[in-house]
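The structure appears below as structure tokens.
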Amino acid sequence: MTDLAVTPCITIEGASKIYGSAGGPIRALDSVDLVVADGEFVALLGPSGCGKSTLLRLIAGLEPPSGGAVFVRGAPVCEPPAGIGMVFQRDVLLDWRTILDNVLLAAEFEGRSRRELADRARALLDRFGLGRFVDRHPWELSGGMRQRAAICRALLCEPSILLMDEPFGALDALTRDDLNLELARIHQEGRRTIVFVTHSIGEAVHLADRVAVMSPSPGRVVEEIVVDLPRPRPLAVRETPAFAAYVAHIRELFTRLGIVRGQV
Amino acid sequence: MSARGRGSDALGTLVVLAALLVAWEIAVALFAPPPILLPAPSAILAELAAEPSYFGRHALFTLGTTLAGFALSVVLGVALAVATVASRLADRLVTTLLVVTNSLPKVALAPLFVIWLGTGAAPKIAIAVMLAIVSIVVDVAHGLRSVDPDALALARVHRASPWAVLWKVRFPNALPALFVGMKVAVSFALVGAIVGEFVAGSMGLGHVILVAQGQFDTVRVFAGLVVLGVLGTVLFGLLELAERLVLPWHVSRRSERKA
Ligand SMILES: Nc1ncnc2c1ncn2[C@@H]1O[C@H](COP(=O)(O)OP(=O)(O)O)[C@@H](O)[C@H]1O
Ligand SMILES: [Mg+2]
């Protein structure tokens, strides 16, 4: 982990975000500082409405910060930087395209040839257990399969940064576990930089090298917890005392922040 | 369920229609109103059978102008809708233009079109376009706009060009709305064509009805109306069929929602 910290991939310096709205300005982020190293898996953890999605959108260049700055690979972010894959809570598959064509949409958007990437798209889908469904349409697939396809789409153009906004939030627990393991494997293989938004403490600790805990709105990063559990982390890691200690620590932090009331 | 449901729907409509016709026939036989007021369905049918080429010729003319007006409305309407989504200035221009033309009764404009374009097919097509284009522009513009914001975010993350967003996201997204608009537009195009034929010219079902009315030939008026009704229904049905072929994802979802 020490060598990772040497090359920052994403740097957020005092970034704030204020949305204008009919009911007056909304302060979504308040002076957020965060550095994500190359190849690091960082989980953004915080209560609903604390600005996690907003922070992700700042990194993706979808939204300019109101104050402060965001850098990706050293360059200030003004518009979406190259080499980013994004996964949303909803799969955002296009109903009129087959699963294969949905995955290839990323290539089409980037102006790359479909033919060149068709094999890779098939290989990705195969790997995610969707090999038999390449010619189906999204509405014929289950929620878990759809989200798998969305992940394939995000990975198609070999992004060095993967931004994921509560990607498994809408899935059932079993599917979620399955995809958590899959994601951990993707991270191990490609050493991609991953920023993963979640409001599940267990998911954050299981997957991340580092968990950035955010305060309620306006969001800021209040604590960063390095998760020093050995990889690969099978599901059984969740039963270990070390895992439980991380979870307990974060839950206590949430209680102090007034996010969770009651017994820790 | 959908195919069988639709089949029995159509069957039900036919049964109701047949029952109405029988009731009409019986009522005319019973009360014997003067034929100049209300002829029997059998008389109307006989009228059609007597001169099929006469009715066919005029129906073909009306069909031609209707289709031409409809096709022009779709092409121009889609282009205008794209313009309104692409540029705020175009949006304001087109919206104003549509509001103005929409607030004018198109029938009142028909004589002007005759002065400008003569008494052939052109003024009929122009009136058909005037009537039909509005629903195309409004529906398609709405379809182009109502895109999932996450899909647009996805496109931006992959640095897609505006053209790619238009062709790969916005336009397919607007296809269901285009079909809604087209189904309305095809009926309006037919109305426009008939209005044009009422005002001037010597061809088309509108002309047939007008001439028959001048001669108090009520049977022929009804015969013209029947052909018109069949024409409108067939055009609408063809569009429904096309919709099912072009938008299987949308149609299947719709039946899902109904079920
Ligand atoms: N486009 C927007 N316009 C106005 N307010 C917004 C917008 N997006 C988010 N917000 C507000 O900013 C705050 C943070 O939102 P978000 O980043 O979505 O939080 P989270 O993802 O943690 O749930 C919320 O109060 C939300 O209502
Ligand atoms: Mg969110």
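Chain letters run A, B, ... following the sequence lines, proteins first and then strands; every chain starts at 1.
- No part of Pro138(A) comes within reach of chain B, as not one of its non-hydrogen atoms sits under 4.5 angstrom from that chain.
- Around the CZ atom of Arg114(A), the shell of radius 6.0 Å holds more than 12 heavy atoms that belong to other residues, nucleotides or ligands.
- Scanning for salt bridge (charged side-chain N to carboxylate O under 4.0 Å, His left out) contacts around Arg120(A) gives Glu158(A), with sequence neighbours left out.
- Of all the listed residues (Met86(A), Glu108(A), Glu79(A)), the one sharing the greatest number of non-hydrogen pairs under 4.5 Å with chain B is Glu108(A).
- Neither the backbone nor the side chain of Ala107(A) comes within contact range of chain B; no heavy atom of the residue lies under 4.5 Å from a heavy atom of that chain.
- Under the rule for a salt bridge (charged side-chain N to carboxylate O under 4.0 Å, His left out), Arg73(A) has no partner lying at least two apart in sequence or in another chain.
- Of the residues considered (Ala82(A), Cys157(A), Gly83(A), Ala60(A)), Ala82(A) shows the highest number of contacts with chain B, using heavy-atom pairs under 4.5 Å.
- For the options Leu152(B), Leu154(B), Leu175(B), heavy-atom pairs under 4.5 Å to chain A are most numerous at Leu154(B).
- Contact annotation for Leu62(A): both backbone and side-chain heavy atoms come within less than 4.5 Å of a heavy atom of chain B.
- Side-chain contact of Glu166(A) with Thr198(A): a donor-acceptor pair under 3.5 Å is absent, judged by distance alone.
- Side-chain N/O atoms of Asp178(A) and Thr175(A) include no donor and acceptor closer than 3.5 Å.
- The part of Asp148(B) that comes within reach of chain A is its side chain, from C-beta onward, which places non-hydrogen atoms under 4.5 angstrom from that chain.
- Among Arg191(A), Arg210(A), Arg192(A), the one residue that satisfies the side chain to side chain donor-acceptor pair (under 3.5 Å) test with Glu40(A) is Arg210(A).
- In terms of heavy-atom pairs under 4.5 Å with chain B, the best-connected choice from Glu140(A), Arg153(A), Arg57(A), Gln89(A) is Arg153(A).
- Neither the backbone nor the side chain of Leu93(A) comes within less than 4.5 Å of any heavy atom of chain B.
- Judged by the 6.0 Å distance and 45° axis criteria, Lys183(B) is not positioned over the aromatic ring of Phe179(B).
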